[in-house]
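Have a look at the structure below before the remarks.
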Amino acid sequence: MTTFTDVQLDALRELANIGSGTAGGALSQMLGKPVDINVPTVQALPVPDAVEAAGDPAEARYGVVVPTVGDLPGHVLLLFPEADAARLCELLGVPVGTDDGRSALGEIGNILGTSYINALAQMLGLDTEPAPPMVVFDMLGAILASVLLGDGTDTTALLMDSALLVEGDSCELSFLLLPAGGAVGDLLARLGL
(Lines give C-alpha, C1' and ligand atoms only; values in the text may rest on other atoms or scores of the structure.)
Protein backbone atom coordinates (compact mmCIF):
# COMPACT_ATOMS: atom_id res chain seq x y z
CA MET A 1 0.00 0.00 0.00
CA THR A 2 1.35 3.43 -0.88
CA THR A 3 1.15 6.51 1.30
CA PHE A 4 1.67 8.95 -1.57
CA THR A 5 -1.00 11.10 -3.14
CA ASP A 6 -2.03 10.83 -6.79
CA VAL A 7 -0.21 14.10 -7.52
CA GLN A 8 2.99 12.78 -5.94
CA LEU A 9 2.72 9.50 -7.84
CA ASP A 10 2.17 11.41 -11.10
CA ALA A 11 5.34 13.40 -10.37
CA LEU A 12 7.32 10.23 -9.63
CA ARG A 13 5.95 8.67 -12.84
CA GLU A 14 7.04 11.72 -14.82
CA LEU A 15 10.52 11.55 -13.29
CA ALA A 16 10.67 7.86 -14.23
CA ASN A 17 9.63 8.56 -17.81
CA ILE A 18 12.17 11.36 -18.26
CA GLY A 19 14.95 9.32 -16.68
CA SER A 20 14.06 6.26 -18.73
CA GLY A 21 13.98 8.29 -21.93
CA THR A 22 17.51 9.48 -21.24
CA ALA A 23 18.59 5.93 -20.41
CA GLY A 24 17.04 4.61 -23.63
CA GLY A 25 18.96 7.17 -25.69
CA ALA A 26 22.24 6.11 -24.06
CA LEU A 27 21.53 2.41 -24.66
CA SER A 28 20.65 3.15 -28.28
CA GLN A 29 24.10 4.69 -28.76
CA MET A 30 25.78 1.63 -27.22
CA LEU A 31 23.86 -0.89 -29.32
CA GLY A 32 23.77 1.18 -32.49
CA LYS A 33 20.08 0.33 -32.75
CA PRO A 34 16.89 2.22 -32.00
CA VAL A 35 15.82 1.74 -28.39
CA ASP A 36 12.62 2.86 -26.76
CA ILE A 37 11.74 2.52 -23.09
CA ASN A 38 8.19 3.03 -21.89
CA VAL A 39 7.27 3.02 -18.23
CA PRO A 40 3.62 1.94 -18.08
CA THR A 41 3.53 1.64 -14.31
CA VAL A 42 5.32 3.34 -11.44
CA GLN A 43 4.58 2.31 -7.91
CA ALA A 44 5.94 3.78 -4.69
CA LEU A 45 5.64 0.90 -2.28
CA PRO A 46 6.91 -0.24 1.08
CA VAL A 47 9.88 -2.50 0.41
CA PRO A 48 8.09 -5.78 1.29
CA ASP A 49 5.25 -4.89 -1.13
CA ALA A 50 7.74 -3.87 -3.83
CA VAL A 51 9.50 -7.22 -3.47
CA GLU A 52 6.16 -9.00 -3.93
CA ALA A 53 5.19 -6.80 -6.90
CA ALA A 54 8.53 -7.40 -8.65
CA GLY A 55 7.56 -10.99 -9.40
CA ASP A 56 7.74 -14.57 -8.20
CA PRO A 57 10.58 -14.70 -5.63
CA ALA A 58 11.42 -18.24 -6.79
CA GLU A 59 11.86 -17.23 -10.45
CA ALA A 60 15.39 -16.80 -11.77
CA ARG A 61 16.44 -13.32 -12.87
CA TYR A 62 19.52 -11.54 -14.02
CA GLY A 63 20.05 -8.51 -11.84
CA VAL A 64 22.32 -5.53 -12.32
CA VAL A 65 22.85 -3.63 -9.08
CA VAL A 66 24.07 -0.03 -9.39
CA PRO A 67 24.85 1.50 -5.97
CA THR A 68 24.42 5.26 -5.67
CA VAL A 69 26.21 7.67 -3.34
CA GLY A 70 25.77 11.34 -2.51
CA ASP A 71 22.44 13.12 -2.16
CA LEU A 72 20.53 10.01 -3.31
CA PRO A 73 22.21 7.08 -1.56
CA GLY A 74 20.83 3.61 -2.21
CA HIS A 75 20.65 1.31 -5.20
CA VAL A 76 19.23 1.11 -8.69
CA LEU A 77 18.33 -2.48 -9.47
CA LEU A 78 17.53 -3.69 -12.98
CA LEU A 79 15.95 -7.13 -13.28
CA PHE A 80 15.81 -9.10 -16.54
CA PRO A 81 14.10 -12.46 -17.09
CA GLU A 82 16.62 -14.99 -18.40
CA ALA A 83 15.17 -15.07 -21.93
CA ASP A 84 15.26 -11.28 -22.22
CA ALA A 85 18.80 -11.12 -20.87
CA ALA A 86 19.76 -13.65 -23.55
CA ARG A 87 18.11 -11.51 -26.23
CA LEU A 88 20.08 -8.43 -25.16
CA CYS A 89 23.32 -10.41 -25.12
CA GLU A 90 22.57 -11.70 -28.63
CA LEU A 91 22.38 -8.10 -29.83
CA LEU A 92 25.98 -7.69 -28.66
CA GLY A 93 27.07 -11.03 -30.11
CA VAL A 94 27.83 -12.73 -26.81
CA PRO A 95 26.10 -15.67 -25.10
CA VAL A 96 24.29 -15.09 -21.83
CA GLY A 97 25.65 -17.01 -18.85
CA THR A 98 29.29 -16.52 -19.87
CA ASP A 99 31.81 -14.01 -18.58
CA ASP A 100 31.28 -11.98 -21.76
CA GLY A 101 27.52 -12.17 -21.31
CA ARG A 102 27.71 -10.99 -17.70
CA SER A 103 30.03 -8.19 -18.77
CA ALA A 104 27.57 -7.14 -21.49
CA LEU A 105 24.63 -7.15 -19.09
CA GLY A 106 26.71 -5.18 -16.59
CA GLU A 107 27.44 -2.57 -19.21
CA ILE A 108 23.78 -2.39 -20.29
CA GLY A 109 22.69 -2.05 -16.66
CA ASN A 110 25.39 0.50 -15.98
CA ILE A 111 24.31 2.63 -18.93
CA LEU A 112 20.60 2.42 -18.05
CA GLY A 113 21.09 2.94 -14.31
CA THR A 114 23.69 5.67 -14.62
CA SER A 115 21.71 7.57 -17.25
CA TYR A 116 18.62 7.37 -15.09
CA ILE A 117 20.42 8.62 -11.98
CA ASN A 118 22.16 11.38 -13.92
CA ALA A 119 18.83 12.53 -15.35
CA LEU A 120 17.28 12.67 -11.87
CA ALA A 121 20.31 14.51 -10.50
CA GLN A 122 20.22 17.08 -13.28
CA MET A 123 16.48 17.70 -12.97
CA LEU A 124 16.49 17.96 -9.18
CA GLY A 125 19.88 19.53 -8.52
CA LEU A 126 21.23 16.47 -6.73
CA ASP A 127 24.90 15.69 -6.20
CA THR A 128 24.70 11.94 -6.81
CA GLU A 129 27.06 9.47 -8.43
CA PRO A 130 26.72 5.79 -9.35
CA ALA A 131 29.26 3.23 -8.16
CA PRO A 132 30.45 0.30 -10.33
CA PRO A 133 27.64 -2.19 -11.09
CA MET A 134 27.41 -5.82 -10.00
CA VAL A 135 25.74 -8.54 -12.08
CA VAL A 136 24.00 -11.43 -10.36
CA PHE A 137 21.96 -14.40 -11.55
CA ASP A 138 19.80 -15.90 -8.86
CA MET A 139 16.25 -16.30 -7.65
CA LEU A 140 14.46 -12.95 -7.54
CA GLY A 141 13.89 -13.20 -3.79
CA ALA A 142 17.58 -13.88 -3.15
CA ILE A 143 18.67 -10.92 -5.29
CA LEU A 144 16.34 -8.53 -3.51
CA ALA A 145 17.31 -9.83 -0.08
CA SER A 146 21.00 -9.38 -0.83
CA VAL A 147 20.45 -5.79 -1.97
CA LEU A 148 18.16 -4.81 0.85
CA LEU A 149 19.78 -6.49 3.81
CA GLY A 150 22.00 -4.43 6.04
CA ASP A 151 22.28 -1.17 4.15
CA GLY A 152 19.58 0.88 5.85
CA THR A 153 17.44 1.02 2.74
CA ASP A 154 14.42 3.27 3.04
CA THR A 155 11.05 1.75 3.75
CA THR A 156 9.85 2.93 0.32
CA ALA A 157 10.92 1.64 -3.09
CA LEU A 158 10.04 2.95 -6.53
CA LEU A 159 9.15 0.06 -8.84
CA MET A 160 9.02 0.84 -12.54
CA ASP A 161 7.90 -1.94 -14.84
CA SER A 162 9.37 -0.99 -18.16
CA ALA A 163 8.83 -2.09 -21.74
CA LEU A 164 12.20 -2.03 -23.48
CA LEU A 165 12.00 -2.13 -27.28
CA VAL A 166 15.17 -2.71 -29.28
CA GLU A 167 14.49 -2.53 -33.03
CA GLY A 168 10.90 -3.51 -32.26
CA ASP A 169 11.88 -6.56 -30.16
CA SER A 170 10.34 -6.36 -26.72
CA CYS A 171 12.31 -7.11 -23.56
CA GLU A 172 10.82 -7.14 -20.09
CA LEU A 173 12.67 -5.03 -17.55
CA SER A 174 11.88 -4.23 -13.94
CA PHE A 175 13.63 -1.17 -12.67
CA LEU A 176 13.75 -0.50 -8.94
CA LEU A 177 15.05 2.61 -7.22
CA LEU A 178 15.80 1.65 -3.64
CA PRO A 179 16.79 4.83 -1.82
CA ALA A 180 18.20 4.93 1.68
CA GLY A 181 17.37 7.37 4.43
CA GLY A 182 14.03 8.82 3.34
CA ALA A 183 15.25 9.88 -0.09
CA VAL A 184 11.86 9.43 -1.79
CA GLY A 185 10.51 12.16 0.49
CA ASP A 186 13.52 14.31 -0.41
CA LEU A 187 12.81 13.83 -4.13
CA LEU A 188 9.22 14.98 -3.63
CA ALA A 189 10.31 17.91 -1.47
CA ARG A 190 12.62 19.11 -4.26
CA LEU A 191 9.56 19.09 -6.53
CA GLY A 192 7.63 21.13 -3.97
CA LEU A 193 5.25 18.24 -3.25
Side-chain angles (χ1 to χ4, degrees), residues 16 19-20 23-24 26-28 30-31 33 35-68 74-117 130-180:
S20 297
L27 184 59
S28 179
M30 174 191 176
L31 297 175
K33 301 177 185 300
V35 171
D36 188 34
I37 301 178
N38 294 313
V39 185
T41 60
V42 176
Q43 301 175 78
L45 299 170
V47 166
D49 293 345
V51 170
E52 186 174 320
D56 181 350
E59 194 170 301
R61 288 276 198 283
Y62 277 93
V64 182
V65 183
V66 183
T68 60
H75 295 90
V76 173
L77 173 61
L78 299 103
L79 297 165
F80 301 94
E82 189 171 9
D84 293 314
R87 191 170 302 130
L88 289 171
C89 286
E90 285 172 13
L91 291 170
L92 294 169
V94 296
V96 73
T98 64
D99 287 345
D100 287 343
R102 281 187 285 278
S103 177
L105 287 175
E107 190 58 31
I108 289 170
N110 189 38
I111 286 174
L112 290 173
T114 298
S115 298
Y116 178 76
I117 289 300
M134 298 169 283
V135 178
V136 293
F137 178 65
D138 206 334
M139 302 299 176
L140 174 60
I143 294 172
L144 290 166
S146 68
V147 172
L148 297 174
L149 282 178
D151 72 347
T153 300
D154 199 346
T155 56
T156 301
L158 296 182
L159 172 62
M160 296 161 264
D161 284 321
S162 303
L164 174 64
L165 293 171
V166 181
E167 282 194 322
D169 279 340
S170 176
C171 293
E172 181 185 332
L173 167 65
S174 290
F175 201 116
L176 284 88
L177 176 61
L178 302 161

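Worth saying up front: this structure is predicted, and the values here are computed from it rather than measured.
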(message) Determine whether a donor-acceptor pair (N or O, by modelled atom type, separation under 3.5 Å) exists between the side chain of Ser170 and the backbone of Leu165.
(response) no

(request) Using side chain to side chain contact (heavy atoms under 4.5 Å, CB included) as the criterion, point out the one residue from Val76, Leu178, Leu177 that pairs with Thr68. (result) Val76

(request) Can you see which heavy atom on Phe80 is nearest to which on Ala85, and at what distance? (result) CB-CB, 4.1 Å

(message) How long is the straight-line distance from CG of Leu78 back to OH of Tyr116, given to the nearest 0.5 Å?
(response) 10.5 Å

(request) Provide the closest heavy-atom pair for Leu159 versus Ala53 in the form atom of the first, atom of the second, distance. (result) CD2-CB, 3.5 Å

(request) Could you tell me the separation between the CG atom of Leu91 and the CG atom of Leu27, rounded to the nearest 0.5 Å? (result) 9.0 Å

(request) Write down the atom of Ala23, the atom of Ser115, and the distance for their closest heavy-atom approach. (result) CA-CB, 3.4 Å

(request) Evaluate side chain to side chain contact (heavy atoms under 4.5 Å, CB included) for Val66 paired with Ile117, printing each intermediate quantity in order. (result) CA-CA 10 Å; Val66 183; Ile117 289 300; 5.8 Å; no

(message) A side-chain contact here means heavy atoms from C-beta on lying under 4.5 Å apart; do Asn110 and Val64 qualify?
(response) no

(message) Treating Thr114 as the side-chain partner and Ile111 as the backbone partner, does any N or O pair qualify as donor plus acceptor under 3.5 Å?
(response) no

(message) Using side-chain heavy atoms (C-beta onward) and a distance below 4.5 Å, is Val35 in contact with Met30?
(response) no

(request) Look up atom CG in Leu144 and atom NE2 in His75, then write down how far apart they are to the nearest 0.5 Å. (result) 11.5 Å

Just list the side-chain donor-acceptor pairs under 3.5 Å for residues 99-109, sequence neighbours left out, or say none.
unit_1 : atom_1 : unit_2 : atom_2 : d
Asp99  : OD1    : Arg102 : NH2    : 2.9
Arg102 : NH1    : Gly97  : O      : 3.2

(request) Return each pair, listed once, that meets salt bridge (charged side-chain N to carboxylate O under 4.0 Å, His left out) where at least one residue sits in residues 76-86; pairs must be two or more places apart or across chains. (result) Asp84-Arg87

(message) Taking the side chain as everything from C-beta on, heavy atoms only, tell me whether Leu112 gets closer than 4.5 Å to Leu173.
(response) yes

(request) State the CG-CD distance between Leu176 and Gln43, to the nearest 0.5 angstrom. (result) 10.0 Å

(request) Side-chain contact test, heavy atoms from C-beta onward, threshold under 4.5 Å: evaluate it for Pro81 versus Arg61 and give yes or no. (result) yes

(message) To the nearest 0.5 Å, what is the distance between SG on Cys89 and OH on Tyr62?
(response) 7.0 Å

Just list the side-chain donor-acceptor pairs under 3.5 Å for residues 131-140, sequence neighbours left out, or say none.
none

